[in-house]
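Notes follow once the structure below has been shown.
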Amino acid sequence: MDVVTQSLLREFAQSQKIESRPESEQFEAFVNYIVVSDIYPEEFDFSVVATGEGEFGLDGIAIIVNDAIVDDEEQLEDIIAHSPVLQVQFVFMQAKTSSSFDSGDMSKFFQAVLDFFKVEARLNQNERILELQQIKNRLYGEAAKFVRGLPKLALHYATTGTWADDRNLCAIRDGFLAQLNSSHMFASTAFHPLDATRVQKLYFQTKNAFRISVSFAQNLSLPEIPNVRESYIGLLPISEYLKMITDEDGNVRRRLFFDNIRDFQGDTPVNLSIAATLLSDSSIEFPLRNNGVTIVTRKLQRVGTQFTLEDFQIVNGCQTSHVIAAESVKANSAIMIPVKLIATEDEEITRQVIIASNQQNKVDQESFWALDPIHKSIEIYFESKTGDQRLYYERRPGQFNTVAGVEKVRVVTKDQLLKIYASVFLEQPNQVGRYYKDLTPLIGKEIFSSDHEVHSYYTAAYIGYRLEFMFRNRRMGSEWKPFRFQLAMAARLILERDLELDPKKKRSQSYCNHIDTVTADPDKAQTVFEAGTRAITLAVAELKEHGAGLDRRTAKMRDMRDKLRAIIAGT
């Protein structure tokens with residue numbers, strides 16, 4: 001392994017607290033993380049996509065359905081029940097620390113992918129891959145919901161060597177891709193050889209804010225606005241806009257639309273009309289017929305007509321942008337896109353722009369929950385902690401990517417906080433492991449309420465962090481991972497009982513401080529979590545007649561939650 005890649009791997013392992021693992025395992029986790037991060041805008045646990053031990057040819061599999069990484073069948077069932085349309089992407093990863101691309105290892109990788117998509121797999125794979133194959137089968141059983149296109153397939157094979165388009169390797173690649181394409185199961189298939197240079201680039205992308213330069217000649221500078229450094233309206237050529245919103249493979253950069261209230265809605269009448277205008281003889285009228293896009297950037301440099309944007313979001317225009325990307329090959333290159341560009345670091349300005357830009361659309365008010373001011377208060381409270389108690393609340397994606405010294409395991413996203421808080425303080429661990437967005441009706445009431453004190457949000461997050469610390473340092477066995485939300489709830493209930501805390505004051509600062517003090521001591525925290533596992537074992541034993549076991553399904557049973565609470569309470 002070259003010194004640069006080795007240095008980056010060491011930094012990654014330290015930030016993820018996996019330094020004690022063998023280098024080969026670290027590299028597998030490293031590759032899984034950088035690949036999925038490139039296409040998935042939120043922070044995620046790399047262990048969710050790891051295939052584990054005993055696999056053949058596959059180190060990582062990510063099945064992304066409607067913008068969620070799906071890792072068990074019950075979660076998928078909830079998504080299917082709530083979604084009239086399914087958009088699916090399969091991502092496969094294999095990582096080798098060798099300094100070359102080996103034809104034999106590559107063939108094993110391709111063969112494992114082919115076998116994964118067979119009706120009856122022949123390879124002897126581990127239980128985790130078999131579970132993911134069941135998810136795949138269930139998805140194709142709902143093929144009628146693939147109305148926006150068949151699933152996409154991406155294969156990523158990484159080494160620390162150099163990819164030089166070797167004729168034999170390319171022939172192997174082309175042969176296997178032809179087999180995959182002949183199955184007619186995918187909208188597209190792509191193979192990505194990741195050599196040392198590409199691996200390094202992907203890792204740096206996870207740490208740096210996205211930066212792009214475009215030629216924006218037809219612009220008008222707006223008058224001075226408080227808390228806004230610069231702002232412009234104008235027309236941007238479609239070719240320049242495509243440079244901004246698509247990657248080198250022509251795929252839409254989804255992370256640029258994270259702050260958009262609605263994801264791409266597919267072939268709606270409005271979107272079909274946008275496409276028709278782009279492809280018509282009247283395409284030159286596009287800026288007259290389209291509301292355009294709104295871009296908010298934290299950093300902007302202008303040199304003449306050259307605008308360089310860094311750390312930006314397209315907060316309105318998601319539908320227009322996706323249609324433009326889809327029709328880019330056929331569209332007239334002379335088309336101009338109406339653009340509003342705002343340069344500000346003021347979060348309240350950004351929030352108001354997002355809300356105002358979406359008022360003309362039919363959007364549920366619940367969709368705006370992530371913009372509520374309480375999130376700033378939570379971030380400030382997290383900042384007040386020091387040393388091992390320091391956590392980082394990520395209100396916007398990639399917020400801490402460019403901040404040196406931030407361990408990834410200490411970054412807490414909004415969705416993560418929603419799930420851990422609902423588990424610990426609302427005692428709904430069975431719910432968050434399923435389709436946790438069912439919790440959104442509680443937002444503004446029982447979760448993220450404006451009159452809540454923020455101590456309890458930190459306490460929930462800190463319990464979640466400490467539990468993950470136990471798993472990553474192998475102080476707790478991986479068999480308890482499916483029960484992580486149940487364990488988080490159990491930890492609070494056990495401490496409440498043992499410390500004789502008043503449950504009526506569970507959100508108070510005094511209550512939370514007592515729990516934080518125990519959680520801050522890894523040995524004491526481990527004792528609490530182990531007591532939780534013993535309670536879970538008893539609960540599972542009492543539910544045996546209902547088919548309970550140490551598995552994901554049981555962890556999501558309401559009866560399991562109720563039985564666990566009763567055991568801890570001694571009733």
**Item:** Nearest non-hydrogen partners of R492 and V424, listed with the distance
**Value:** NE-O, 2.6 Å
**Closest non-hydrogen atom pair between A95 and D59, with its separation** = N-OD2, 2.8 Å
**Prompt:** Looking at CG of D72 and NZ of K556, how far apart are the two atoms once the value is rounded to the nearest 0.5 Å?
**Reply:** 2.5 Å
**Test side chain to side chain contact (heavy atoms under 4.5 Å, CB included) applied to V36 and I69, step by step** = CA-CA 10 Å; V36 177; I69 296 178; 4.0 Å; yes
**Prompt:** Taking side chain as C-beta onward, heavy atoms only, is I79 less than 4.5 Å from L86?
**Reply:** yes
**Request:** For residues A325 and I245, report the shortest heavy-atom separation together with the two atoms involved.
**Result:** CB-CD1, 4.4 Å
**Complete:** Interatomic distance, CG@D516 vs CD@Q389, rounded to 0.5 Å, equals 6.5 Å
**With A539 via side-chain contact (heavy atoms from CB on, under 4.5 Å) - residues at least two apart** = M560, K563, I567
**Request:** Kindly assign one of parallel, tilted or perpendicular to the pair Y458 and Y381, based on the angle between their ring planes and the thresholds 30° and 60°.
**Result:** perpendicular
**Asked** Any side-chain heavy atom of E394 sitting closer than 4.5 Å to one from E379?
**Response** no
**Request:** Go through the steps to decide whether V70 and L139 satisfy the test side chain to side chain contact (heavy atoms under 4.5 Å, CB included), and finish with yes or no.
**Result:** CA-CA 11 Å; V70 173; L139 278 168; over 6 Å; no
**Request:** Please report the C-alpha distance between D2 and Q200 in whole Å, then the side-chain angles of each, then the deciding distance to 0.1 Å, and finally whether the side chain to side chain contact (heavy atoms under 4.5 Å, CB included) criterion is met.
**Result:** CA-CA 11 Å; D2 64 274; Q200 292 166 16; 3.2 Å; yes
**Request:** Using a strict 4.0 Å threshold on nitrogen-to-oxygen distance, state whether R472 and E407 make a salt bridge.
**Result:** no
**Item:** For F109, all residues meeting ring-ring contact (aromatic ring centres under 6.0 Å, His included), sequence neighbours excluded
**Value:** Y157
**Item:** F117: ring-ring contact (aromatic ring centres under 6.0 Å, His included) partners, not counting sequence neighbours
**Value:** F90, F92, F186
**Request:** Could I get the full list of side chain to side chain donor-acceptor pair (under 3.5 Å) partners for W480, not counting sequence neighbours?
**Result:** none
**Prompt:** Where the side chain of T160 meets the backbone of S98, is there a donor-acceptor pair that is under 3.5 Å apart?
**Reply:** yes
**Prompt:** So does K385 have more than 12 non-hydrogen atoms from other groups sitting under 6.0 Å from NZ?
**Reply:** yes
**Fill in**
Here the gap from M93 atom CE to L155 atom CG, rounded to the nearest 0.5 Å, amounts to 10.5 Å
**Request:** Measure up the F448 and H375 rings against each other and bin them: parallel (under 30°), tilted (30 to 60°), perpendicular (over 60°).
**Result:** tilted
**Request:** Mark yes or no for whether Q26, through its side chain, and R21, through its backbone, hold a donor-acceptor pair below 3.5 Å.
**Result:** yes
**Asked** Mind checking what makes side-chain contact (heavy atoms from CB on, under 4.5 Å) contact with N124, not counting sequence neighbours?
**Response** none
**Prompt:** Heavy atoms, side chains only, cut-off 4.5 Å: are M185 and P151 in contact?
**Reply:** no
**Prompt:** Under a 4.5 Å cut-off applied to non-hydrogen side-chain atoms, are V199 and Y203 in contact?
**Reply:** no
**Asked** With sequence neighbours left out, what residues match F146 under ring-ring contact (aromatic ring centres under 6.0 Å, His included)?
**Response** Y140
**Message:** By the salt bridge (Lys or Arg N to Asp or Glu O under 4.0 Å) test, which pairs, at least two apart or in different chains, include something from residues 135-145?
**Reply:** E77-R138, R138-E142
**Request:** Could you tell me whether the side chain of R198 reaches within less than 4.5 Å of the side chain of D195, counting heavy atoms only?
**Result:** yes
**Asked** Could you state the interatomic distance from CG (D38) to CG (L194), rounded to the nearest 0.5 Å?
**Response** 9.5 Å
**Heavy-atom pair with the smallest gap, counting every atom of F425 and S456** = CE1-O, 3.2 Å
**Message:** Please check: side-chain N/O of Q428 versus main-chain N/O of A422, any donor-acceptor pairing under 3.5 Å?
**Reply:** no
**Request:** Could you tell me whether a side-chain N or O of T554 sits under 3.5 Å from a main-chain N or O of G549, the two making a donor and an acceptor?
**Result:** yes
**Prompt:** Is a side-chain donor-acceptor pair under 3.5 Å present for Y33 with Q16?
**Reply:** no
**Request:** Check for a donor-acceptor pair, side chain of N32 on one end and backbone N or O of S47 on the other, with a separation under 3.5 Å.
**Result:** no
**Asked** Rounded to the nearest 0.5 Å, how far does CG of D105 lie from CD of Q94?
**Response** 7.0 Å
**Message:** Under a 4.0 Å threshold between the charged nitrogen and the carboxylate oxygen, would R466 count as salt-bridged to D521?
**Reply:** no
**Item:** NZ/NE/NH1/NH2 to OD/OE distance under 4.0 Å, E55 and R128
**Value:** no
**Contacts of type ring-ring contact (aromatic ring centres under 6.0 Å, His included), residue F483, not counting sequence neighbours** = none
**Item:** Qualifying residues under side chain to side chain donor-acceptor pair (under 3.5 Å), relative to Q134, sequence neighbours excluded
**Value:** none
**Asked** Step by step, would you call F469 with V409 a side chain to side chain contact (heavy atoms under 4.5 Å, CB included)?
**Response** CA-CA 8 Å; F469 171 88; V409 290; over 6 Å; no
**Prompt:** Is the number of heavy atoms from other residues, nucleotides or ligands within 6.0 Å of NZ (K118) greater than 12?
**Reply:** yes
**Closest non-hydrogen atom pair between T533 and M476, with its separation** = CG2-CE, 3.6 Å
**Message:** Checking side-chain polar atoms at under 3.5 Å, does Q125 have a donor or acceptor matched by the opposite partner on D115?
**Reply:** no
**Message:** Taking salt bridge (Lys or Arg N to Asp or Glu O under 4.0 Å) as the cut-off, I'd like each qualifying pair that reaches into residues 477-489, sequence neighbours left out, listed once.
**Reply:** D45-K481, E468-K481
**Prompt:** Do the rings of F12 and F30 sit parallel, tilted or perpendicular, given the 30° and 60° boundaries?
**Reply:** perpendicular
**Request:** Sequence neighbours left out, what passes side chain to side chain donor-acceptor pair (under 3.5 Å) with T519? Give chain and number order.
**Result:** none
**Asked** Would you say the side chain of F46 lies within less than 4.5 Å of the side chain of I18, judging by non-hydrogen atoms?
**Response** yes
**Prompt:** Looking only at heavy atoms, what is the nearest atom pair of T459 and I515, with distance?
**Reply:** CG2-CG2, 3.7 Å
**Fill in**
Rounded to the nearest 0.5 angstrom, the CZ-CG distance for F116 and L58 is 8.0 Å
**Asked** Are side-chain heavy atoms of D523 and R475 found at a separation under 4.5 Å?
**Response** yes
**Request:** Quick one: list whatever passes side-chain contact (heavy atoms from CB on, under 4.5 Å) with D562, sequence neighbours left out.
**Result:** R558, R565
**Message:** Would you say that I536 contacts L550 through its side chain, given a criterion of any heavy-atom pair below 4.5 Å between the two side chains?
**Reply:** yes
